[in-house]
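Worth saying up front: this structure is predicted, and the values here are computed from it rather than measured. Along the sequence shown, residues are numbered consecutively beginning with 1.
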Amino acid sequence: MRPDTPAENVDHNAEAARLERTADRYPEDAEALLVQAAAHLELAGDRPAASSLYDRLLAAQDGLENPFLVRALKAANLWEYGHEAEARAIIEGVRAAAPRDPAPWVIVAEALESHDELEQAQETFTQGARVLLTDVAEPPYSTHPLLFGRHRVRRMLGLSHDDWDTLADTLHTSPVSLDELHDPKRVWSLGSDNPAELEAEISRLRAELGTFREALSRPFPVAVLHWPASELSELLAAYPSLESEYPSHEEHLATIEESLRELSSSGTPNLGIVSGTVPSYEAFAASEGMSPAEVSLLPQYATTLAARGRAVEWPPQRGTACWCGSGRVYGECHGE
């Protein structure tokens, strides 16, 4: 589907079928592609078919990069077509597992919120924030929806601001404040005959739309390409001219960390790392009609991997392994 295709013109069933065929051709990207296919099936109203895709992914759980994301999506989908008990059980399982990725927390909390389980939604958002943001100086870009969702639900419950609500206000860049966007009284203004109230609501909706567009304009991280040691050795043996780009593996790793820190300090959000393999890179070069020895092809390859959902967030969440594959905690490795 082209990114500029109007939503009302999308044949969601056809798009889901196309993504499934693509997943069969590129099994290494099947997880991201099938999750997208399931989303199209949900939009088409075929929620049982979407659940079947989630089940297909979970059947190969050992190979999933983010099984909790798939479980969360399955729970939200099940609840929408009447399987509340099963959805609740999955949600409890996700919460008990305490995943280090914010997306599953946001999905299950919003599922609870959409079914008027506001107390449970608030508890879920808060639990996720405790897991991911305790003692974190600067919340990663991917955790912002967790804080914004928590702010929204707490506002609906009439709870007083706490430190995380204040932090959400600080991170929010829209000209309309979160307190105004999340005001429970907004629903009354939609039925008002007062032109001033309606104009104010139109301004708030425009601000929300701007925020959504900003998020959609960055559907995958600004990603830096990482070659594991064995892959880099194979790459340089096949294409010696790339040695000028990669003098050594140690220098390659140091350059990645340095580049990401520079991007972060310049204000670039949503940063990530993608790991390349020589067969995948050669296939990409062939598809572009270029030689793998072309240095200019490397950033294009990184962007393509990120678009396929292959990027991992940088910096890693607190206490997780370093991106370089050393097995050490990031804070004791490249995060020193």
Side-chain angles (χ1 to χ4, degrees), residues 35 38-39 42 47 50-51 54 58 61 64 66-172 174 177-187 208 211-212 215 313 316-320:
V35 164
E42 289 188 39
R47 292 188 176 276
S51 284
Y54 294 134
L58 291 169
Q61 182 168 320
L64 289 183
N66 198 339
F68 299 113
L69 173 62
V70 179
R71 288 183 178 278
L73 290 167
K74 178 183 176 182
N77 181 56
L78 284 170
W79 203 334
E80 289 300 320
Y81 73 105
H83 296 268
E84 178 182 344
E86 186 178 354
R88 285 182 180 276
I90 295 172
I91 288 171
E92 288 305 309
V94 171
R95 291 182 62 180
R100 303 296 306 182
D101 174 17
W105 291 105
V106 172
I107 291 165
V108 298
E110 288 184 345
L112 290 162
E113 178 188 358
S114 68
H115 292 278
D116 295 324
E117 300 283 351
L118 297 184
E119 291 284 357
Q120 284 292 313
Q122 193 274 148
E123 290 176 10
T124 303
F125 276 125
T126 300
Q127 183 185 351
R130 288 199 188 103
V131 170
L132 298 174
L133 298 175
T134 299
D135 299 326
V136 173
E138 185 66 28
Y141 182 85
S142 62
T143 63
H144 292 189
L146 184 69
L147 289 168
F148 296 158
R150 182 179 182 275
H151 184 288
R152 179 180 62 250
V153 172
R154 288 172 58 81
R155 191 84 165 83
M156 293 170 68
L157 289 168
L159 300 176
S160 300
H161 267 36
D162 60 9
D163 290 343
W164 275 325
D165 289 325
T166 302
L167 178 59
D169 287 328
T170 302
L171 295 171
H172 181 66
S174 169
S177 70
L178 280 183
D179 276 336
E180 189 172 352
L181 289 175
H182 296 163
D183 186 351
K185 295 179 181 178
R186 284 181 63 189
V187 68
E208 283 187 296
T211 301
F212 289 139
E313 182 182 34
Q317 296 288 337
R318 179 176 57 86
T320 56

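Put simply, the side chain of Trp79 never gets that close to the backbone of Leu112: no donor and acceptor are under 3.5 Å apart. A donor-acceptor pair is defined here as one N or O able to donate and one able to accept, closer than 3.5 Å; no such pair exists between the side chain of Gln122 and the backbone of Leu157.
Looking only at side-chain heavy atoms (C-beta outward), Arg152 and Phe125 come within less than 4.5 Å of each other. Taking the side chain as every heavy atom from C-beta outward, Glu84 and His115 never approach each other to under 4.5 Å. Between Arg150 and Asp162, the closest side-chain pair of non-hydrogen atoms falls below 4.5 Å. Side chains of Glu42 and Glu80 form no contact here, defined as non-hydrogen atoms less than 4.5 Å apart.
Aromatic rings of Phe148 and His151 (six-membered ring for Trp) have centroids beyond the 6.0 Å cut-off, not under it.
Ion pairing of Glu313 with Arg100 is absent here, as no side-chain N (NZ or NE/NH1/NH2) approaches a carboxylate O to less than 4.0 Å.
The nearest pair of heavy atoms linking Asp165 to Ser160 is OD2-O, 3.8 Å. In this structure, Phe68 and Pro99 approach most closely via the heavy-atom pair CD1-CB, 3.8 Å. Closest heavy-atom contact between Ile90 and Arg71: CG2-O, 3.3 Å. Across all their heavy atoms, Leu171 and Pro139 have their closest contact at CD1-CG, 4.1 Å. Here the closest heavy-atom approach between residue Leu69 and residue Ala103 is recorded as CD1-CB, 3.9 Å. Across every non-hydrogen atom of Ser51 and Tyr81, the tightest pair is OG-OH, 3.2 Å.
Residues satisfying the salt bridge (charged side-chain N to carboxylate O under 4.0 Å, His left out) criterion with Asp101, sequence neighbours excluded, are absent altogether.
Checking Arg88 against Gln120 by side-chain atom types alone, no donor-acceptor pair falls below 3.5 Å.
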